[in-house]
Protein chains: 2
Amino acid sequence: MARNDLSPTRTPVKVSEATIQRLPVYLYRLQALQKHGVRRVSSRDLAAQVRVKAAQLRYDFRQFGGFSRPGQPYDVDHAVRRLREILGLAVPVNCIIAGLGNLGQAIANYAQFAQDGFNLVGLFDINPKLVGYSIRGITIEDIDAMPAFIGQRGVQLGIIAVPPEAAQSVAERMAGAGIRGIWNFAPVDLRLPPRVVLHDEFLSVGIMSLRFKVKALLENGGGF
Amino acid sequence: MARNDLSPTRTPVKVSEATIQRLPVYLYRLQALQKHGVRRVSSRDLAAQVRVKAAQLRYDFRQFGGFSRPGQPYDVDHAVRRLREILGLAVPVNCIIAGLGNLGQAIANYAQFAQDGFNLVGLFDINPKLVGYSIRGITIEDIDAMPAFIGQRGVQLGIIAVPPEAAQSVAERMAGAGIRGIWNFAPVDLRLPPRVVLHDEFLSVGIMSLRFKVKALLENGGGF
DNA sequence: TAGATTGTTAATCGATTAACAATC
DNA sequence: TAGATTGTTAATCGATTAACAATC
């Protein structure tokens, strides 16, 4: 493939899940440096701050053509721009939340998302007590209104925070209405057409694996 | 190492992070089968349901001695017991939450945790408007009361849901008071003594990686 | 220039998978 | 028994890392 082909950043056909998960971590750290007025940072320093090896960070960046030139540390502003572009944060997308129990409300109230180009445009629930109630200026509607809303507003991402029993049905309605990606908090293995990207966020997995590691540490005093 | 050494399940010294993260997923699926009255399940079927290869599931189980014998499918009840034991869910642990904004409250209200042996015993916040308020029968106390509380109640796990700026200080106070593990929701790279296990739960990473995958899918029509 | 630092490659490491003997 | 299925090993695959030439 030619070196400078067309658009500033071509997404490589194959990027590992591990790399994808590290990109937002790099971005967060770089934005924190930016806030502190840091202009340039080496792969060694940045990597140490997010607990990865410098070689890994450079290898990750290189998959998108690299962010600098040999001998020159990274320009913080430039790296932030590149990462935001790579992750797609530069172009705002419309999102909706299905399920406004405690977790759904917490997500809806998380203001940071707006800054990263996640436009929350709709909230849906099946509970009549919640329908009509507003969060951050958005009125909760009945879940039956969701499919039409997705089509009309061009909603790309759906967030599922409904109880496990309802998750598959909600996911199917999202997929049927043309949604592109689903961020699923319900501890259920959803079945979806392959054109819809699924990202599971099983919080219980987090605390259970923490507990396993604590147990292992106490038992063998280090390592797992 | 001898085959049947002592306690029913010895935790191997080295279990990969990937395996650790899959154990709770197996457990959830098996519990769902249990609820549906299923008594036995093959590695092939169980693996398909959680979208892993059967060989991987067997390899995961084998790290803890295996859950059955050649020719015999897994006994669902037995596998559930083994997994709960392996993960340490059989022995209840005391947990606290620091930070009761939207996210902290959502976690506090998540009832499922109690069933998995996570006893929520304390809630702490710095905001005087929240102190004194109760969630699920637990009164929110001032964060300054946290260290003594950890020692007195033998709290093992701390959940950090405070703003990023406050996270490092809260984490240090938890660590100083003898906590064993921290489940951190603040998008910050915490520095902790190695005797404290840290599990980061950066929700933004989830939605950002979802967005990246959606973008990649639209650009190259498949693969990443 | 000399020291620092990136991009890049090849070697290493570790996780996944296929294959099959042992067992029900 | 014959078919199904696990435990187990070795082969494969992919991710991480060390090393260094190129460049500032």
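Chain A is the first sequence line, chain B the second, and so forth, proteins listed ahead of strands; every chain is numbered from 1. Note that the coordinates shown come from a computational prediction; the quantities given were computed from them, not determined experimentally.
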Open item on the list: Whether B:Arg69 contacts C:dC24 is assessed here as follows: a side-chain N or O lying under 4.0 Å from the phosphate OP1 or OP2. Is that the case?
Closed with: yes
Task: Side chain A:Arg58 and base C:dG7 donor-acceptor under 3.5 Å - done: yes
TODO: Measure the distance from CD on B:Gln63 to P on D:dT6 and round it to the nearest whole Å.
DONE: 17 Å
Open item on the list: Any carboxylate oxygen within less than 4.0 angstrom of a Lys/Arg side-chain nitrogen, looking at A:Arg81 and A:Glu85?
Closed with: no
Task: Length of the OH-C1' vector between A:Tyr26 and C:dT6, whole Å - done: 15 Å
Task: D:dG7 OP1/OP2 closer than 4.0 Å to side-chain N/O of B:Tyr74 - done: yes
Open item on the list: So, does A:Gln72 get its side chain near the phosphate of C:dT6, meaning an N or O under 4.0 Å from OP1 or OP2?
Closed with: no
Task: For A:Ile20 against B:Ser209, the heavy-atom pair lying closest together - done: CG2-CB, 3.4 Å
TODO: May I ask you to check whether A:Asp77 and A:Gln34 show a side-chain donor-acceptor distance below 3.5 Å?
DONE: yes
Task: Presence of A:Ser43 side-chain N/O under 4.0 Å of C:dT6 phosphate oxygens OP1/OP2 - done: yes
Open item on the list: Tell me whether the side-chain N/O atoms of A:Lys53 come closer than 4.0 Å to OP1 or OP2 in D:dT16.
Closed with: no
TODO: Give the rounded distance in Å between these two atoms: CG of B:Leu57 and C1' of C:dA18.
DONE: 16 Å
TODO: Tell me which nucleotide among C:dT23, C:dT6, C:dT17 gets nearest to the side chain of A:Pro70.
DONE: C:dT6
Task: Under 4.0 angstrom between A:Arg22 side-chain N/O and D:dT16 OP1 or OP2 - done: yes
- [ ] Tell me, please, which residues at least two apart from B:Phe61 pass ring pair (Phe, Tyr, Trp, His ring centres under 6.0 Å).
- [x] B:Tyr26, B:Phe67, B:Tyr74
Open item on the list: Whole angstroms only, please: what is the CZ-P distance between B:Phe67 and C:dT23?
Closed with: 21 Å
Task: Salt bridge A:Glu17-B:Lys213, side-chain N to carboxylate O under 4.0 Å - done: yes
Open item on the list: For Watson-Crick and G-U wobble pairs within 3.5 Å on both distances, what is DNA chain D written in dot-bracket notation, | included for inter-strand pairing?
Closed with: ..||||||||||||||||||||||
Task: Closest to side chain of B:Tyr59, choosing from D:dT9, D:dT6, D:dT16 - done: D:dT9
Open item on the list: Distance check needed: D:dA4 P versus B:Asp45 CG, whole Å only.
Closed with: 13 Å
- [ ] Nearest-nucleotide wise, let me know which of B:Thr19 and A:Gly66 is further upstream toward the 5' end of DNA chain C.
- [x] A:Gly66
Task: Approximate separation, where rounding is to 0.5 Å, of B:Ile107 CD1 and B:Ile159 CD1 - done: 5.5 Å
- [ ] State whether B:Phe118 and A:Arg211 meet the cation-pi test: NZ (Lys) or CZ (Arg) under 6.0 Å from the six-membered ring centroid, and within 45° of the perpendicular axis.
- [x] yes
Open item on the list: Please report the distance, rounded to the nearest Å, between CD in A:Glu17 and C1' in D:dT16.
Closed with: 16 Å
TODO: Side chain of B:Gln56 only, please: which of C:dT17, D:dT17, D:dG7 is the nearest?
DONE: C:dT17
Open item on the list: Please report the distance, rounded to the nearest Å, between CG in A:Leu46 and P in C:dT5.
Closed with: 13 Å
- [ ] Please name the pair of heavy atoms, one in B:Val162 and one in B:Ala98, separated by the smallest distance, quoted to 0.1 Å.
- [x] CG1-O, 3.4 Å
- [ ] Would you mind classifying the nucleic acid contact of B:Ala18 as base, sugar-phosphate or nothing, using non-hydrogen atoms under 4.0 angstrom?
- [x] sugar-phosphate
Task: C:dG7 phosphate, OP1 or OP2, under 4.0 Å from A:Arg62 side-chain N/O - done: no
Open item on the list: Expressed as a whole number of angstroms, how long is the span from B:Phe61:CZ to D:dT5:C1'?
Closed with: 14 Å
